[in-house]
Amino acid sequence: MPTRRAFIGQTAAFLGFAASGRQVSAASDAPTTLTAREAMVQIAPDSYPATSVWGYDGRAPGPEIRVLQGARVQRRLVNDLPEPTSVHWHGIRIDNAMDGVSGLTQEAVAPGETFDYDFIAPDAGTYWYHAHNRSWVQVARGLHGPLIVEEAEPPEVDREETLVLDDWLLDPDTALIDESFDHPMRMSHGGRIGNLVTTNGRFDLSIPVARHSRMRLRLINASNARIFPLQLAGLRGWTVALDGMPLATPEPLEDVLVLAPAQRADLIVDVTTEAGETAHLVRIGNDDRPASQVAFPVSGSTAQTPRAAPAALPSNPGDGLGSLADARPLRLVMSGGAMGRMDSALLGGERLGFRELAAQGRFWAFNDMAEMTRAPLADLSLGEPVRLEIVNETAFPHAMHLHGIHFREIRDGRSVGPMRDTLMVAAQETREIGFVADNPGDWLFHCHMLSHAESGMMTWVRVT
Ligand code: C2O
Ligand code: CU
Ligand code: CU
């Protein structure tokens with residue numbers, strides 16, 4: 001049986017285009033389920049056995065959930081896993097009760113139990129969902145999937161592809177998932193980096209395209225800790241959205257696009273290379289060597305030759321910041337990790353030295369605290385503007401993610417770029433974000449290198 005995507009790829013080769021994956025959820029009374037369960041999936045090359053993963057509906061990545069902007073998303077999570085779980089809808093501004101953070105917004109759902117998620121998707125864009133109980137383990141095992149919210153009037157393209165970028169840390173002999181999730185060396189360094197990089201679960205994803213065709217690529221970095229530096233080859237492209245939110249002006253992608261864990265980018269690309277050749281989404285490896293992340297073998301040609309730059313995507317509601325003049329100033333200092341200067345931090349109200357912290361699996365601290373504290377980082381009132389300075393005193397980059405509220409980066413006192421939900425702060429760097437606390441509830445703020453979050457880089461804000 002060919003998979004749906006392969007099938008679409010094959011027809012696309014003939015038709016030159018395909019409205020791939022367009023599947024708007026039908027309204028019905030029976031709740032649509034999303035079952036978290038074990039499954040055998042062929043991730044490694046065919047000469048290896050299949051890998052036992054945890055996937056939504058037995059797939060990794062899970063099924064694409066696709067709705068129109070303003071529509072309701074309803075999913076009954078069924079937990080068929082051997083441990084409790086929950087689902088977080090990353091980047092979606094929703095009711096706090098639906099945010100899926102076990103221990104903060106809901107109890108984790110026990111094996112055999114269910115939980116009904118039900119929310120409106122207010123913003124169009126590329127989002128994703130993932131497990132938010134023991135995330136550093138559960139996301140690594142495969143519990144994540146794309147969540148696409150369509151614009152009422154989407155840009156004109158010949159085809160659209162959702163590309164979930166991921167990496168897997170597999171035993172090179174058995175292709176089983178390496179279960180050393182708590183490996184101190186990885187926790188205290190860059191996090192769990194896989195040894196097999198995939199797109200949509202394939203290490204060799206290939207999508208046939210026609211020359212001069214225009215595609216919308218929805219990129220999602222679903223990996224635990226890998227930073228993807230990406231480039232186009234044989235493609236001419238523009239970034240039109242970051243973290244789902246439209247750029248005011250599409251930006252030509254001539255250089256490298258860096259996608260940190262949990263970040264997304266929407267690209268509009270035109271196939272420029274000749275028929276018979278292969279265009280690529282290129283990943284720059286750690287050794288600086290380029291590798292093909294996705295191959296686009298080119299055949300045939302559409303009638304249209306070089307096209308004009310795409311128009312900006314329609315803006316989302318509340319896509320602004322207003323004045324930050326009276327914004328409340330907040331500061332978050334990140335410390336710890338290997339090669340860091342943290343000698344001690346607070347854990348359970350006690351000051352512990354770096355070695356003692358390490359013995360308890362804590363390697364990092366936010367504002368001197370090596371755990372998520374009972375008190376929030378800030379108690380904000382609804383509608384309050386905030387400026388938050390993020391000071392990275394560590395030797396590693398961190399992908400800082402705020403739940404429930406989008407922010408904008410502030411440079412030289414002015415807000416720049418689109419609204420975002422995840423910002424990468426490089427080693428030794430200080431960045432500032434601004435946001436309006438416009439969504440009531442308890443919202444997590446953490447590093448999306450998931451083993452960092454688990455080992456100290458997690459805090460939250462309360463909006464009332
Ligand atoms: Cu994408 Cu707290 O998560
Ligand atoms: Cu989130
Ligand atoms: Cu981090």
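Every heavy atom of this structure was used, including side-chain atoms; hydrogens, water molecules and symmetry mates were not. When a ligand or atom number is given, it counts from 1 through the structure's own listing order.
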Original post:
By atom name, which N, O or S atom of H90 is the nearest to atom 1 (Cu) of ligand 1?
Top reply: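 Minimum-distance N/O/S atom of H90 relative to atom 1 (Cu) of ligand 1 is ND1.
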Original post:
Judged by atom type as modelled, is there a donor-acceptor pair below 3.5 Å linking the side chain of Q360 to the main-chain atoms of L357?
Top reply: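 Absent.
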**OP:** Check for a donor-acceptor pair, side chain of S86 on one end and backbone N or O of G100 on the other, with a separation under 3.5 Å.
**Re:**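 Yes: the side chain of S86 pairs with the backbone of G100.
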Original post:
With the Cu ion (ligand 3) as the point of reference, which N/O/S atom of H398 is the closest?
Top reply: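 Looking only at N, O and S atoms of H398, the one nearest the Cu ion (ligand 3) is named ND1.
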Original post:
Which N/O/S atom belongs to H452 and is the closest one to the Cu ion (ligand 3)?
Top reply: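 Closest N, O or S atom of H452 to the Cu ion (ligand 3): ND1.
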Original post:
When you measure from the centre of the six-membered ring of W136, is the NZ or CZ of R134 under 6.0 Å away and within 45° of the axis?
Top reply: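 Geometry flag: set, cation within 6.0 Å and 45°.
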Original post:
Hey, what's the ring geometry for W89 with Y117, parallel, tilted or perpendicular (30° and 60° as the breaks)?
Top reply: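 Rings of W89 and Y117: perpendicular, over 60°.
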Subject >> Heteroatom test (N, O or S) for H401 near atom 1 (Cu) of ligand 1, limit 2.8 Å >> reply: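 Checking atom 1 (Cu) of ligand 1 against H401, no N, O or S atom falls under 2.8 Å.
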Original post:
Can an N, O or S atom be found in H448 less than 2.8 Å away from atom 1 (Cu) of ligand 1?
Top reply: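 Short answer: yes, at least one N, O or S atom is under the cut-off.
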Subject >> the Cu ion (ligand 2) - name of the N/O/S atom of H88 that sits closest to it >> reply: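 Nearest N/O/S atom: NE2.
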**OP:** Please assess H446 against H401 for the test side-chain hydrogen bond (donor to acceptor under 3.5 Å, both in side chains), listing each intermediate value before the final yes or no.
**Re:** CA-CA 5 Å; H446 64 91; H401 169 52; 4.9 Å; no
Original post:
Would one find an N, O or S atom of H132, in either backbone or side chain, under 2.8 Å from the Cu ion (ligand 2)?
Top reply: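 Coordinating: no.
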**OP:** Classify the side-chain pair Q293/T199 by whether it contains a donor and acceptor separated by less than 3.5 Å.
**Re:**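 There is such a pair between these side chains.
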